[in-house]
There are 2 protein chains.
Amino acid sequence: MITIKKMAELLETSTTTVSNVIHGKTGEVSPAMVEKVQQLLEEYDYVPNINARNLAKNKSGIIGLAMKACRDKYENFIKDPFAGELTGAVESCVRAGGYFTMLYISDDITEIISSVASWNVDGLILHGMQAEDGLMITQKIKKPMVFIDCYLEETVPQYVNVGSEDRIGCYKITKYLIENGHERIAFIADNRVGVDFERLKGYQDALKEADIVFTEDHFIMLEPNGADLTKALDDVYKRIGDFTGLVCASDYYAAHIMNDLKDRGVKIPDDISIVGFDDNVYSQIIRPALTTVHQDVTEKGSLAVDKLLQMIGHQEIGERVIRLPVHIEERNSVKKIKGTHV
Amino acid sequence: MITIKKMAELLETSTTTVSNVIHGKTGEVSPAMVEKVQQLLEEYDYVPNINARNLAKNKSGIIGLAMKACRDKYENFIKDPFAGELTGAVESCVRAGGYFTMLYISDDITEIISSVASWNVDGLILHGMQAEDGLMITQKIKKPMVFIDCYLEETVPQYVNVGSEDRIGCYKITKYLIENGHERIAFIADNRVGVDFERLKGYQDALKEADIVFTEDHFIMLEPNGADLTKALDDVYKRIGDFTGLVCASDYYAAHIMNDLKDRGVKIPDDISIVGFDDNVYSQIIRPALTTVHQDVTEKGSLAVDKLLQMIGHQEIGERVIRLPVHIEERNSVKKIKGTHV
DNA sequence: GTGAAAGCGCTAACAT
DNA sequence: ATGTTAGCGCTTTCAC
């Protein structure tokens, strides 16, 4: 692995000169020298030592992709199609911007913080952060960072976030159910914070608009233990009582619930209608194909990185909190109940 | 961001002393000094500059995860559940080993090579490499590396690989079809190299064993353009003629084909039986649930990293080429044809 | 147009 | 037990 210094020696010139031609500042160097240096570069396959470069320039060239994830939830977090797609989109965009992606996946925010600090990352994409996490990391790390899918405007100073119209999306799809004649509609999620909480609110908005009163037993809280959904699914089956529609906070749950119900002999959408949120592989592959709220994850990742790169370059970033539009992807999991006004 | 030097000044001592207590070499330092240094460490939230450390030690602490992927294939490579799960497993194992994961996803091997060289990574996990890629990267990069799911024993010197029993798996599942009375069985894939080629061979092994002659029209080559499978699916439908069984090289294709056929009114498994390979979300979510060959992707990633870490530590690594065992996951996509000897 | 030299933050061999 | 010093490879200022 040849170094600038070595090449300078070989050519009996200075490191500055070699460095100059490496950086294309050929205006400062005589053509003859340029020629000689370039030959050496070729011959020895020169590759800069990024570590040394970064040390000298006090930057790192690294964009950290930090995801707080309890390994429990889906066994191996990134297995989740959302995380996978997001990771791919981020990496691709980061690379296009001339940076590199370092992955920090952990359920321990302090571990993420110290790793990120050590590497002196130039910027951060953050996912899965709760209020305390967001607060702590912005206090400790003074670097540009953009959150994805968070709702921390009231907690985090200088907050920049790229998310989706979660509330509106869930409002729309609930309204869609209502317009199709449904009145007894349950909402299913495994938590009541962040994105899922917004989706819950959207669902409630639609109910209220239709003068349907929401009571706590409309909300079915899933409590999966690890990757094992069996108990949770059992629970759903017991609780869906005489609902005619199910709004699931994610396609993941919608698909599993649908399969489970089908296995128990429930006809979908004849016996019960189901809708999801995300429009990922789950909703696409399941049958009947799931009517769901479409969000563009790749776009989300790209946009987040774009914004981050702008912040790093001290450019204007426009809107600090973005909610990407979503739309209903109408498929076959909703029954049109007779006698409606639609 | 405080540095060792600064702290040494503040304490009117040497960098060596500070460095020593940072590294827990308290035997070399007086208790009083240890105490004082540790207070400073706390007070100023000292975090080492990894760049500087790496430069001095001529290492990087980075494990590169390099995946050669044409963005075309699934639109955004890592969206593929295999890639996502592998990434998660690798990251987790790398972190546990005290290293960090840097992602290099590109369809251009030379880009991967120069990035990896620049960063002076301590080791590499490689996926999706063809013969020329493997040869080129081992020539240029003199670092420990382990391949995943490659078949390059004849090309790459010092080859270390973690894969699955692709051939045996496909042999087993084809045999399973045969034992269930199938004789006219097609094989479907989108290429004829590497993993899929081995799976094809396994399929052929089973045919031969049953004295069924394989001819070229048993092999249905899929040619998806981008994420759009429509044409390819059309093609499959036209070509499945009077086959009674379909061996797909992946669950991904099996699931899409199954849905497509169902949409066209074909009954599965009554009209035609389908099996896949991977046992991922596709086979689990589809109905009828897909009988497939199970492989453990998380195990694959972990094992690869373990081996890599051993190589970095100059330990004995045992087998250089590993084929993880696979087994048939029997579900409901295969019809037992009457009159068989099973 | 070219070169000398300081410095980025840390490590480690070598004094004292 | 503590301090000095010479790098690691590159950038950059400033002088020639």
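Every chain is numbered from 1, with letters handed out A, B, ... down the list of sequences. It should be emphasised that the depicted structure is a prediction, and the values quoted were computed from it without experimental measurement.
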Check A/Ile105 against A/Ala69 and note the closest heavy-atom contact, atom names and distance.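 A/Ile105 and A/Ala69 have their closest heavy atoms at CG2-CB, 4.3 Å.
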
Check whether any side-chain heavy atom of B/Tyr159 lies under 4.5 Å from a side-chain heavy atom of B/Arg320, and answer yes or no.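 They are not in contact (no side-chain heavy atoms under 4.5 Å apart), so the answer is no.
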
Just to verify, what does B/Tyr151 make a side chain to side chain donor-acceptor pair (under 3.5 Å) with, not counting sequence neighbours?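 Scan of B/Tyr151 (side chain to side chain donor-acceptor pair (under 3.5 Å), adjacent residues dropped) gives B/Asp166.
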
If the condition is side chain to side chain donor-acceptor pair (under 3.5 Å), which residues does A/Thr26 pass it with, not counting sequence neighbours?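 By the side chain to side chain donor-acceptor pair (under 3.5 Å) rule, A/Thr26 matches no residue at all.
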
Listed once per pair and sorted, the salt bridge (charged side-chain N to carboxylate O under 4.0 Å, His left out) pairs that draw on [range], sequence neighbours left out:
{"range": "residues 133-159 of chain A", "value": "A/Lys68-A/Asp133, A/Lys140-B/Asp45, A/Asp149-A/Lys300, A/Glu153-A/Arg323"}
{"range": "residues 108-130 of chain B", "value": "A/Arg95-B/Glu111"}
{"range": "residues 28-40 of chain B", "value": "none"}

Where does the chain A footprint on DNA chain C start and end, counting 5' to 3' with a 4.0 Å heavy-atom cut-off?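 Here the contact window of chain A covers C/dG1 to C/dG9.
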
Collect all protein-nucleotide pairs involving nucleotides 7-11 of chain D in which both atoms are nitrogen or oxygen and the distance is under 3.5 Å.
from: D/dC8; atom 1: O2; to: B/Ala56; atom 2: N; distance (Å): 3.2
from: D/dG9; atom 1: N2; to: A/Ala52; atom 2: O; distance (Å): 3.3
from: D/dC10; atom 1: OP1; to: A/Tyr46; atom 2: OH; distance (Å): 2.7
from: D/dC10; atom 1: OP1; to: A/Asn49; atom 2: N; distance (Å): 3.3
from: D/dC10; atom 1: OP2; to: A/Ile4; atom 2: N; distance (Å): 2.7
from: D/dT11; atom 1: OP1; to: A/His23; atom 2: NE2; distance (Å): 3.1
from: D/dT11; atom 1: OP1; to: A/Arg53; atom 2: NH1; distance (Å): 2.5

Tell me which residues in residues 25-44 of chain B put a heavy atom below 4.0 Å from DNA chain D, sorted by number, or none.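 Output list: B/Gly27, B/Glu28, B/Val29, B/Ser30, B/Met33.
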
Side chain to side chain donor-acceptor pair (under 3.5 Å) partners of residues 304-315 of chain B, not counting sequence neighbours, each pair once: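 For residues 304-315 of chain B: none.
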
Between A/Gln158 and A/Thr138, do the side chains contain an N or O donor and an N or O acceptor separated by less than 3.5 Å?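 No pair is found: no donor N or O on one side chain lies under 3.5 Å from an acceptor on the other.
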
Got a list of side-chain donor-acceptor pairs under 3.5 Å for residues 48-56 of chain A, not counting sequence neighbours?
from: A/Asn49; atom 1: OD1; to: A/Asn51; atom 2: N; distance (Å): 2.9
from: A/Asn49; atom 1: OD1; to: A/Ala52; atom 2: N; distance (Å): 3.0
from: A/Arg53; atom 1: NH1; to: A/His23; atom 2: NE2; distance (Å): 3.4
from: A/Asn54; atom 1: ND2; to: A/Ile50; atom 2: O; distance (Å): 3.2
from: A/Asn54; atom 1: ND2; to: A/Ser60; atom 2: O; distance (Å): 2.8

Check the pair B/Ile63, B/Met102 against side chain to side chain contact (heavy atoms under 4.5 Å, CB included), reporting the backbone distance first and the verdict last. CA-CA 6 Å; B/Ile63 300 297; B/Met102 190 168 270; over 6 Å; no

Inter-end axis angle, the helix from C/dG1-D/dC16 to C/dT16-D/dA1, with every axis fitted to five base pairs (rounded, 10 degrees):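 It comes to 40° between the two terminal axes.
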
Which residues pass the side-chain contact (heavy atoms from CB on, under 4.5 Å) test with A/Ile2, not counting sequence neighbours?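 For A/Ile2 the side-chain contact (heavy atoms from CB on, under 4.5 Å) partners, ignoring immediate neighbours, are A/Lys6, A/Met7, A/Leu10, A/Tyr44, A/Tyr46.
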
